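Note: hydrogens, waters and symmetry copies are ignored here, and every other heavy atom, side chains too, is used. Order of listing sets the numbers, starting from 1, for every ligand and every atom in it. Treat the numbers as computed from the prediction; the structure is a model and nothing was measured.
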Amino acid sequence: MNRLRSKLDQDGREQADTASGPTILMNDFRRLWFDTREEILTAVDEVGQSGWFILGARVEEFEYSLARFVGRRFAVGCANGLDAIEISLRALGLEPGDRVLTTPLSAFATTLGILRAGGSPAFVDTDESGLLDLDLVETALRDDPSIKFLVPVHLFGHAIDLSKLLHLKRQFDLRVVEDCCQAIGARSGDSPVGSVGDVSALSFYPTKNLAALGDGGAVFTDDSALCKRARALRDYGQTSKYLHEELGLNSRLDEVHGAIMARAFLPKLAAWTARRAAVAARYRSEITNPQIGLVAIPPTSVSAWHLFPVRVSPVYRHNFQQHLMKHGIASGIHYPKLITDQSALRKTDFRTMSELHHARSLSEQEVSLPIHPYLTEEEVSKVTHVVNQWTGALA
Ligand SMILES: *Cc1c(COP(=O)(O)O)cnc(C)c1O
């Protein structure tokens, strides 16, 4: 039974889970379910009994707890991370055609959110860690002082250098939206991600560190006016019932998800993050295969370890993933194609403001190893063993 059970892979595609599929998964949603089932069922029952399903007490309670967790004054639940980015930029007053600096190496949704908000994306390269190179951002801002918006991404769960980001924000009077979709709980030095952005965006897509049982997202901010505007934008742009001051979205977080996240998932997030960090520490010390490179971590980052990226020669990347799969180990690529190379962008007026060498080399070399809170020590040992065993170019 269950041979045709399907599951989401890292990129959200449905995969048939046959008897021959991997046993060490990128995300183990069934282990998550069995660990949290009781709290989830209680949360759902509570919502059912309340008789209130949209924008009620559970979402409010979740928003309150989430704001405390990220160390901000306000959080506003919404439907997904893409909307969170659009809502953040629109709340900040982005006008159609405004240039927005961002990274070519991210989930496509980062750029799509900019476009959906009416912005024109402008790309600069990453550094060798895969995160936006803030020195190149500075050069781009000098080249085009009309640019007023920046969307950096805390890719892989690593925090970008927030003191540098704050410096740039002040120097160039920027509006900053931090894309924290992969990095809730990460810090740069002592500063939590999301503490420099005027508004920051989260996704609760099932693969994320803080997930929903489906889609969800949030924005967070310290500014009450931005919070108010985000609340209106997620709900048709209404500022009070049937009063519409602008054209908003339907991007509400359900009460069921508010309850599930507040009761079952958010209380576990700190422990999950600690577990991810422990797995990462083992990989970093135990993976010794000279053909496998560890991707650099920004020096100030205390990572949330959304992913564990390594580098292999592009020629042998497929072979490496096959080797893992043969031993029952799933893996992923983040991301195989730069956003600037996506055909959907051809009809937009995006701009590339630097060479994209680092981003391109990562997109050609990167492989993500399984890292999630439900990996056992034996499974981590198996992954390191199988990785170290790979002879790659020598095969
Ligand atoms: C997942 C993700 C998004 C989009 O979130 P959705 O909830 O899928 O819309 C945006 N940016 C980054 C960096 C992400 O990882």
Engineer: Can you find an N/O atom of Ser203 closer than 3.5 Å to an N/O atom of ligand 1?
Structural biologist: yes
Engineer: With salt bridge (charged side-chain N to carboxylate O under 4.0 Å, His left out) as the criterion, how do Arg72 and Asp222 come out once you've worked through the C-alpha distance, each side chain's angles and the decisive distance to 0.1 Å?
Structural biologist: CA-CA 5 Å; Arg72 298 294 96 193; Asp222 275 341; 2.6 Å; yes
Engineer: Hey, which atoms in ligand 1 end up nearer than 4.0 Å to a heavy atom of Val153?
Structural biologist: 13 (C)
Engineer: So is His306 close enough to ligand 1, meaning a heavy atom under 4.0 angstrom away?
Structural biologist: no
Engineer: Which is it for Asp179 and ligand 1 at heavy atoms under 4.0 Å: side chain, backbone, both or neither?
Structural biologist: side chain
Engineer: May I ask you to list the atoms of ligand 1 that are less than 4.0 angstrom from any heavy atom of Leu82?
Structural biologist: 4 (C), 5 (O), 6 (P), 9 (O)
Engineer: Within a 6.0 Å radius of atom CG on Leu243, are there more than 12 heavy atoms belonging to other residues, nucleotides or ligands?
Structural biologist: yes
Engineer: Can you label the angle between the Phe62 ring and the Phe204 ring as parallel, tilted or perpendicular, going by 30° and 60°?
Structural biologist: perpendicular
Engineer: Can you name the closest pair of heavy atoms from Leu132 and Leu150 and give their distance?
Structural biologist: CD2-CD1, 3.9 Å
Engineer: In terms of the angle between their ring planes, are Trp272 and Tyr374 parallel, tilted or perpendicular, with boundaries placed at 30° and 60°?
Structural biologist: perpendicular
Engineer: For ligand 1, which atoms, with element, lie under 4.0 Å from some heavy atom of Ala109?
Structural biologist: 3 (C), 4 (C), 10 (C)
Engineer: Where the closest heavy atom to atom 3 (C) of ligand 1 is concerned, which of His334, Lys208, Gln182 has it?
Structural biologist: Lys208
Engineer: Taking all atoms of both residues into account, what is the closest heavy-atom pair of Ile114 and Ile85, and its distance?
Structural biologist: N-CG2, 4.2 Å
Engineer: Record the part of Asn80 in heavy-atom contact with ligand 1 below 4.0 Å; permitted values are side chain, backbone, both and neither.
Structural biologist: both
Engineer: Considering the heavy atoms of Gly81, write down every atom of ligand 1 situated less than 4.0 Å from one of them.
Structural biologist: 5 (O), 6 (P), 7 (O), 9 (O)
Engineer: What atoms in ligand 1 come closer than 4.0 Å to a heavy atom of Ser106?
Structural biologist: 13 (C)
Engineer: Check if Gly217 has a non-hydrogen atom at a distance under 4.0 Å from any atom of ligand 1.
Structural biologist: no
Engineer: Taking the six-membered ring for Trp, are His154 and His158 ring centroids under 6.0 Å apart?
Structural biologist: no
Engineer: Using the ring of each side chain (for Trp, its six-membered ring), is Tyr316 parallel, tilted or perpendicular to Trp390, with breaks at 30° and 60°?
Structural biologist: perpendicular
